[in-house]
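Hydrogens, waters and symmetry mates are skipped; everything else that's a heavy atom, side chains included, is used. Proteins get letters first, then strands, A, B, ... in listed order; numbering begins at 1 in each.
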Amino acid sequence: MSRIASAFAQAKHTALIPYITVGYPTVETTLKVVPLFASTGCDIIELGIPFSDPLADGATIQQASYEALRHGVTPRVCFEVAQELRRRVKIPLMFMTYYNPVLKFGLEQFCSKCAAVGIDGLIIPDLPPEEGKELEQSTKRHGLDLVYLLSPASTEERIRLVTSRSSGFIYLVSLTGVTGARDKLPEELESFVARVRGRTEKPLCVGFGISTPEQARRVARVADGVIVGSRIIQLLDKDKSLKNACSFIKCLREALL
Amino acid sequence: MRRNKQLPDAQGYFGQFGGRFVPETLIPALDELETAYEKAKRDPSFWAEFDFLSHDYSGRPTPLYFAERLTRHCGGAQIFLKREDLLHTGAHKINNALGQGLLARRMKKRRIIAETGAGQHGVAAATICAKLGLDCVVYMGEEDMQRQALNVFRMKLLGAELRPVSSGTKTLKDAINEAIRDWVTNVKNTYYLLGSAVGPHPYPVMVRDFQSVIGKEAREQILAQCGRLPDYIIACVGGGSNSIGIFHPFVNDKNVKFIGVEAAGKGIRTGKHAATLAAGTVGVLHGAKSYVLQDDAGQILGTHSIAAGLDYPGVGPEHSYYKSIGRATYVAVNDKEALKAFQLLCQTEGIIPALEPAHAISYAAKMAGSLDKEQIIVVNLSGHGDKDMDIVVKALGVTL
C-alpha cells in the first residue's frame, strides 16, 4: 500500500491537505512550515512546483508562483526541498505542478527523482487521463501515485474514466473555476461528491475555493479529504512567525475532527 | 491527399503534436465544441452562410496580386501577394472570427471571450460579435494595449469589453492564460473564440479549416493567372493561423515549398525574439504539445518582436508537425529587416503591410533575387499596416 493510501486507510477523521508553493515567500519558509503543519495534524502536504503559466490558478497562487520563480525556484530546487522535508516529516508529500516542467525534466527522470527524494505522488491539473498514459508508466514504475481531477462539469463517462485511472485519491474540484479563496461554495457540491462516490471506493478529496473552517466542515461531511491552498498562501505572506498560518491550520483541524 | 486528410487523429494529434492538456473542467466543453463543429462541418447550410458573409461582409475573395515593381526591384522570381490586408477589419483574422462566431451562435452561446495580441483578432472578434448580436469580452496584455492603443479603441467602439491582463509578461501568452481562466469559470454560457491555430483540440484544426479559404483561393487564382502552381509559399508565423491557412490547401502539392517566417526580434542570439520553431524545443503550452520557447526548467520564456502579432512563445501543432516531417521550412527575420521590408513594399507597390507580414515580405524579397525569373513566390500579405503607424514612427525615429 502506498503511503498516501495508508494515510487514508488509517485516518480516523477527514484528511487535511494543505497546499503551499515551494519557495514562497522563501525556501526557508517552506522548510519550516511543512514540519509545523505536519505536527498540527495535517495528513498529506501538497508542494507546488511553480510554473510560469499556471492556467488553473487564481491570482493568489499565480502571484506566489511568480515570486518563487523570481527567487530561482526550479524543479531541482523543489527536489532538494522535498528531500530535506522527507527527513523531517513522515506524512505523504506530493508535488503539484503543470505538465511542461515535468515533460522538460523528462518523465522518467522526474519520477525516478521523486521516488528517490521521498515524494509519494503527483497532481497535474493540466493533464487529463487521456494525455497521462506516458507519465503513468513512469509513476507506476517508481511507486508514485498519480492523482487525476474531476470537476462538476465532468460527465458520467469521464467520472468512470478518472475514477478508474486516478491513484492515491481523486481530486474533486469543488467548482467550475480556478483556485482561490471563495466566500461561498456551490450548492451542488454534495450531489457532485455523491455522484462520484457511487462509482468508486477510492478516497475523494475536495479542493478549490475552500478558505474557512465552516466550509471545510461542510466538505468533510461528504468527502475523505479537504484541500486548502490559496488561503494558506495569503496567510504566509509577510508573516515570518508563521503564527497565522499555523493557527488557521489548527482551526481547520478542529473543524474536521 | 489521403494521408494528410486524416490529420489530426481522433485525439487531436498531428504526429506527436497537439492533444488536450487542459484542466478537467474544459474537457467536456471541448467535447461539446468538437461535436458541434463536426456537425456544422457536414452541414452545407453552415458553409453557405460562411461563404455568403465572407463575400458580402468580409470582402472575399481577396486578390492574388502580381507585385510587378517589387519583383523588378528584387530582380528574380515573380512575387505574388495574397491580399488579406484588403479584408474587412484589415487582416485575415476575420475569416476565423466569422467561422467561430457562426458556430457559437449555433451552439447558443451568447457570451464570447477572446484574447488578442496585436489587437487584430480582438477587433475581428468584436466585429463579428457586433454583427451577430453576441456579447464580447476581450483579454489583452497591458503592454500590448499600450502599443496598440488604436485597436483598443476600435474594439470598444464595436461594443466589446476590454479586460487588461497584468500577469506574467503582459502580452498575448498571458492574455490566453486569462481567457482560459475565464472559460474554466464561465464554461456553461461562454464560447472561447481563440484566434490562432493553437490551443487544445479542436482549435488548431478548426482555425485551420476557417483560414484555409486563403489557400483555396490562392490555389485557384495562381492556376488561373499563371497556369501552374507556385514554387514557394511564404507566410509569417506567430501562432500560425495565416500561414497554415495558406499552406494547408497546397499540402499535397509536393513541389510547392512552404516557408514560415518567424520573428527574430533583436536577434536570436540576444534571446529577445519569438522564433519558436527556429529556436524552441518541444513542450506543452496552452493545451497543446508543440514547439515552445522555454528555459531548462520548463518555464515559458518572454518574447520580443516589433510585431505584436508574432510576439508569442508557442506555435500551432500542425506547424511543429510540418517541421518534423520536413514539409515546411521555418526561418526568422529580425525587427530591422521587417521594418525595411515594410518601407520597401510601401515604396515599390503603394501597399502598407502590417509588421507581421512584413517579415514574410522581407524573406521573399531576399530569396527572390537568388531565383530565376520563371519561378513563382506567393506571399501571404495577412494584414494592413494602419495599426502599426505609431510603432513605425517610433522605430524610424520620426517626429510627426
For Tyr66(A), ring-ring contact (aromatic ring centres under 6.0 Å, His included) partners two or more places apart: none

Pick from [options] with the largest number of heavy-atom pairs that fall under 4.5 Å of chain B:
{"options": "Ile49(A), Ile124(A), Asp57(A)", "result": "Asp57(A)"}
{"options": "Ser52(A), Gly58(A), Pro75(A)", "result": "Ser52(A)"}
{"options": "Gly132(A), Ala56(A), Pro54(A), Pro129(A)", "result": "Pro54(A)"}

Are there over 12 heavy-atom neighbours, none belonging to [X], within less than 6.0 Å of that residue's [atom1]?
{"X": "Glu187(A)", "atom1": "CD", "answer": "no"}
{"X": "Arg141(A)", "atom1": "CZ", "answer": "yes"}
{"X": "Asn189(B)", "atom1": "CG", "answer": "yes"}
{"X": "Lys113(A)", "atom1": "NZ", "answer": "no"}

Give the minimum heavy-atom separation between [X] and [Y], together with the two atoms involved.
{"X": "Asn100(A)", "Y": "Gly283(B)", "answer": "OD1-CA, 3.2 Å"}
{"X": "Gly177(A)", "Y": "Thr185(B)", "answer": "CA-OG1, 3.7 Å"}
{"X": "Asp53(A)", "Y": "Leu285(B)", "answer": "CG-CD1, 4.2 Å"}

In the structure I gave you, are the side-chain heavy atoms of [X] and [Y] within less than 4.5 Å of one another anywhere?
{"X": "Glu130(A)", "Y": "Arg20(B)", "value": "no"}
{"X": "Tyr98(A)", "Y": "Val284(B)", "value": "no"}
{"X": "Gln299(B)", "Y": "Ser65(A)", "value": "no"}
{"X": "Leu55(A)", "Y": "Pro23(B)", "value": "yes"}

task: Please determine if Arg158(A) and Glu24(B) form a salt bridge, counting it only when a charged side-chain N lies under 4.0 Å from a carboxylate O.
output: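 The answer is yes: the pair qualifies as a salt bridge.
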
query: Would you call Asp296(B)-Lys104(A) a salt bridge at under 4.0 Å N-O?
result: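 No, Asp296(B) and Lys104(A) are not salt-bridged.
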
message: For residues 262-283 of chain B, which residue pairs pass the side chain to side chain donor-acceptor pair (under 3.5 Å) check, not counting sequence neighbours?
response: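 Qualifying pairs: Thr281(B)-Gln294(B).
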
Can you tell me which portion of [X] sits under 4.5 Å from chain A's heavy atoms? Options are side chain, backbone, both or neither.
{"X": "Asp295(B)", "answer": "backbone"}
{"X": "Val187(B)", "answer": "side chain"}
{"X": "Lys188(B)", "answer": "neither"}
{"X": "Ile300(B)", "answer": "both"}

message: Please classify the contact of Val162(A) with chain B as side chain, backbone, both or neither, using a heavy-atom distance under 4.5 Å.
response: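 For Val162(A), the side chain is the part near chain B, not the backbone.
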
message: What's the separation between atom CG in Asp31(B) and atom OG1 in Thr155(A), rounded to the nearest 0.5 Å?
response: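 Asp31(B) CG to Thr155(A) OG1: 7.0 Å, rounded to 0.5 Å.
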
- prompt: So how far is it from Leu150(A) CG to Ile27(B) CD1, rounded to the nearest 0.5 Å?
  reply: 11.5 Å

